[in-house]
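Order of the sequence lines sets the chain letters (A, B, ...), proteins ahead of strands, with each chain counted from 1. FYI, side chains are in, hydrogens and waters are out, and symmetry mates aren't considered; it's all heavy atoms of this structure.
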There are 2 protein chains.
Amino acid sequence: MDLATLRSFLKIVEHGTFTRAAVACGVSQPALSQQVAKLEAELGTPLFERQGRRLKLTETGERLRERAEQIVALVDDTARELADDGRTGRLAVAAIPTIAPYFLPGPLKAFREQHPEVRLELHELTTEALLKALRQGDVDLGVLALPVDGRYLEFEPLFEESLLLVVPAGHRLARGGPVRLDRLRAEPFVLLDEAHCLSGQIRSFCERRQFHPLETGRSTQLATVQEMVALGHGLSFVPEMARRLDTSDQRVYVPIAGEAPRRTIGVGWNPYRYQSRLARAFREQLRSAARPDEPSRSR
Amino acid sequence: MDLATLRSFLKIVEHGTFTRAAVACGVSQPALSQQVAKLEAELGTPLFERQGRRLKLTETGERLRERAEQIVALVDDTARELADDGRTGRLAVAAIPTIAPYFLPGPLKAFREQHPEVRLELHELTTEALLKALRQGDVDLGVLALPVDGRYLEFEPLFEESLLLVVPAGHRLARGGPVRLDRLRAEPFVLLDEAHCLSGQIRSFCERRQFHPLETGRSTQLATVQEMVALGHGLSFVPEMARRLDTSDQRVYVPIAGEAPRRTIGVGWNPYRYQSRLARAFREQLRSAARPDEPSRSR
DNA sequence: ACATTGGATAAGAATACGTTATGGATCTAG
DNA sequence: CTAGATCCATAACGTATTCTTATCCAATGT
């Protein structure tokens with residue numbers, strides 16, 4: 001039982017077929033067939049049920065999968081721990097799309113200055129995909145909106161922010177301070193796609209207040225929403241951090257009267273995986289960017 | 001980083017030199033040199049400090065040692081778990097010398113009848129060596145006298161037994177029932193070597209009672225002690241289980257008056273290692289042999 | 001029925017790994 | 001202090017393993 005074989009086995013399980021796994025491993029398909037055949041001979045039991053071209057794990061195969069995942073994780077963590085000089089290496093950070101462009105540039109810039117030799121990876125993922133990536137050890141840190149289903153993960157809240165109403169410049173609500181929701185019943189709204197967790201947060205906020213926005217369009221990107229608002233397609237709700245990046249004079253951001261809708265931004269990681277010095281340093285960077293008293297330039 | 005290399009690395013650490021480790025691994029010395037060189041290149045740091053012929057682990061090497069032990073243990077346990085059919089395989093049992101020949105034959109015989117295909121290993125070890133073997137995963141189960149320093153291990157008491165006074169047949173104390181210690185002050189004693197934990201138990205019992213036996217000889221084996229007693233060299237204290245095996249009429253076993261000295265026999269195992277079905281079955285066998293109501297023939 | 005997809009097998013090729021031979025450094029003993 | 005012994009590193013070479021290419025066979029689906 002050697003490590004390369006275990007890795008191959010896991011890839012096969014992950015991809016469902018030998019052929020696709022072979023591509024993922026960068027080897028030929030027969031190589032995997034041979035590795036698995038050897039492993040099965042070694043264990044004395046088959047690992048897959050080959051019913052035609054349906055590939056299914058046997059009971060033994062399922063048990064091996066669990067153990068192999070532990071083994072590979074332990075080996076990879078060991079390699080990372082021993083190679084960890086706090087200066088070079090790789091750091092994979094993920095964030096949800098409604099945070100990434102607004103909050104991360106500051107910390108990323110500061111981190112890069114402090115750690116110029118690091119290969120920094122940034123992944124934009126939905127909350128669900130981000131949690132999966134954290135659990136699988138594909139990324140070191142994830143920045144997202146709390147709370148989430150955090151089994152096997154740890155989280156640290158960074159800061160809270162309000163949601164704002166955004167209206168086109170010159171709109172009747174553009175002046176006059178905080179707006180009450182009941183003044184918006186006739187207004188058309190451009191909302192964010194449901195794939196974003198922010199969209200769900202806005203929806204539940206509106207439902208709590210018995211407000212049902214008149215939907216006139218959806219977009220998958222916050223930036224697009226902002227452009228649509230400027231073009232007069234409707235109003236929208238956006239997080240505070242999106243305002244800070246908005247240099248256009250065609251949009252005006254107005255606070256909402258009463259108890260403002262808020263979201264909590266936090267950082268998550270996998271406590272069962274090795275936390276590199278780089279990861280800890282980046283978390284510190286996130287913390288200091290989150291402190292309102294001493295804000296990192298959120299350019 | 002492959003498994004064979006990690007195993008070699010651990011062997012080198014264990015044996016202190018490449019050369020001896022090579023013998024233990026059954027390969028040539030240059031093979032290990034090359035493996036380590038490759039591993040060091042891979043990690044980017046040396047693992048050993050070669051100061052002359054003194055071989056010392058670097059800090060990184062020390063960290064790798066810990067991790068490598070975990071990895072190898074996990075891999076070995078996985079292989080054992082998957083190969084575990086509850087019928088075939090290997091089972092390594094250890095016991096201290098003052099228990100092994102007296103208590104184990106019964107359970108061993110019963111187990112062998114139920115599991116004829118198992119390769120059964122029995123190791124006779126001192127308490128200290130036994131605990132080390134359990135911690136290292138060299139043996140699956142250990143039978144010994146409780147309590148012991150059981151860090152990282154688990155134990156289950158099986159039964160208690162008394163210590164008896166053994167005297168030669170025809171001795172003045174051979175008849176007349178329980179003997180008070182103060183009647184033994186003038187008697188010479190043949191004691192067990194201090195390497196045995198039983199010897200320490202007897203010593204502390206005597207000290208509690210302010211009894212200082214007149215020592216006239218020491219032996220490393222309980223069987224030898226018994227023979228010496230028969231030959232009139234002196235008296236001795238032996239555990240109850242040693243009496244049951246004694247078919248000679250040259251020795252008489254006499255209980256000690258007052259609070260009798262007792263020892264607890266138990267079985268220990270390593271909860272961090274995979275407990276095979278065979279190991280669990282043997283533990284069950286030990287339990288039923290320990291039950292006084294339904295004693296397995298302690299042949 | 002026939003094309004397509006996916007895995008097994010066989011034979012040759014590349015690579016990795018272990019062996020033997022040997023050298024150099026260090027510690028020990030006479 | 002020198003001779004010998006011990007021990008690790010290196011180089012050259014042979015072998016063994018493992019991958020690749022080519023091909024086949026079985027199953028699935030249109």
Practice item. Please step through side chain to side chain donor-acceptor pair (under 3.5 Å) for the pair B:Tyr274 and B:Asp76, ending with a clear verdict. Key: CA-CA 9 Å; B:Tyr274 176 65; B:Asp76 289 346; over 6 Å; no

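- A side-chain donor-acceptor contact under 3.5 Å links B:Ser33 and B:Gln29.
- The interatomic distance linking B:Leu32 (CG) with D:dC8 (C1') rounds to 11 Å, in whole Å.
- Between the side chains of B:Tyr272 and B:Asp77, not a single donor N or O lies within less than 3.5 Å of an accepting N or O.
- With B:Arg135 contributing its side chain and B:Arg151 its backbone, the two residues share a donor-acceptor pair below 3.5 Å.
- Looking only at atom types and distance, the side chain of B:Glu117 has no donor-acceptor partner in the side chain of B:His115 under 3.5 Å away.
- Residues from residues 12-27 of chain B with heavy atoms under 4.0 angstrom of DNA chain C, sorted by number: B:Val27.
- Only one option out of B:Gln35, B:Glu42, B:Lys38 pairs with B:Thr5 in a side-chain contact (heavy atoms from CB on, under 4.5 Å); it is B:Gln35.
- At most 12 heavy atoms of other shown residues, nucleotides or ligands fall within 6.0 angstrom of atom CZ in B:Arg54.
- Summarising the local packing, CD of A:Glu284 is surrounded by more than 12 heavy atoms from other residues, nucleotides or ligands at distances under 6.0 Å.
- One finds no side-chain N or O of B:Arg50 lying less than 4.0 angstrom from the OP1 or OP2 phosphate oxygen of D:dC7.
- Within 6.0 Å of the CD atom in A:Glu194, the count of heavy atoms belonging to other residues, nucleotides or ligands exceeds 12.
- Atom CG of B:Leu39 and atom P of C:dC17 are 12 Å apart (whole Å).
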Check your understanding: Nucleotide by nucleotide, 5' to 3', does protein get under 4.0 Å of the base (B), only the sugar-phosphate (S), or neither (-) in nucleotides 24-30 of chain D, counting heavy atoms?
Key -> ---BB--

Contact list (N/O, under 3.5 angstrom) for nucleotides 9-16 of chain C vs protein:
none

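- Taking each heavy atom of B:Thr127 and B:Cys197 in turn, the nearest pair found is OG1-SG, 3.5 Å.
- Whole-Å rounding puts the B:Leu55 CG to D:dT6 C1' distance at 13 Å.
- Summarising the local packing, CD of A:Glu128 is surrounded by 12 or fewer heavy atoms from other residues, nucleotides or ligands at distances under 6.0 Å.
- At whole-Å resolution of the value, CG in A:Asp2 and C1' in D:dT17 are 11 Å apart.
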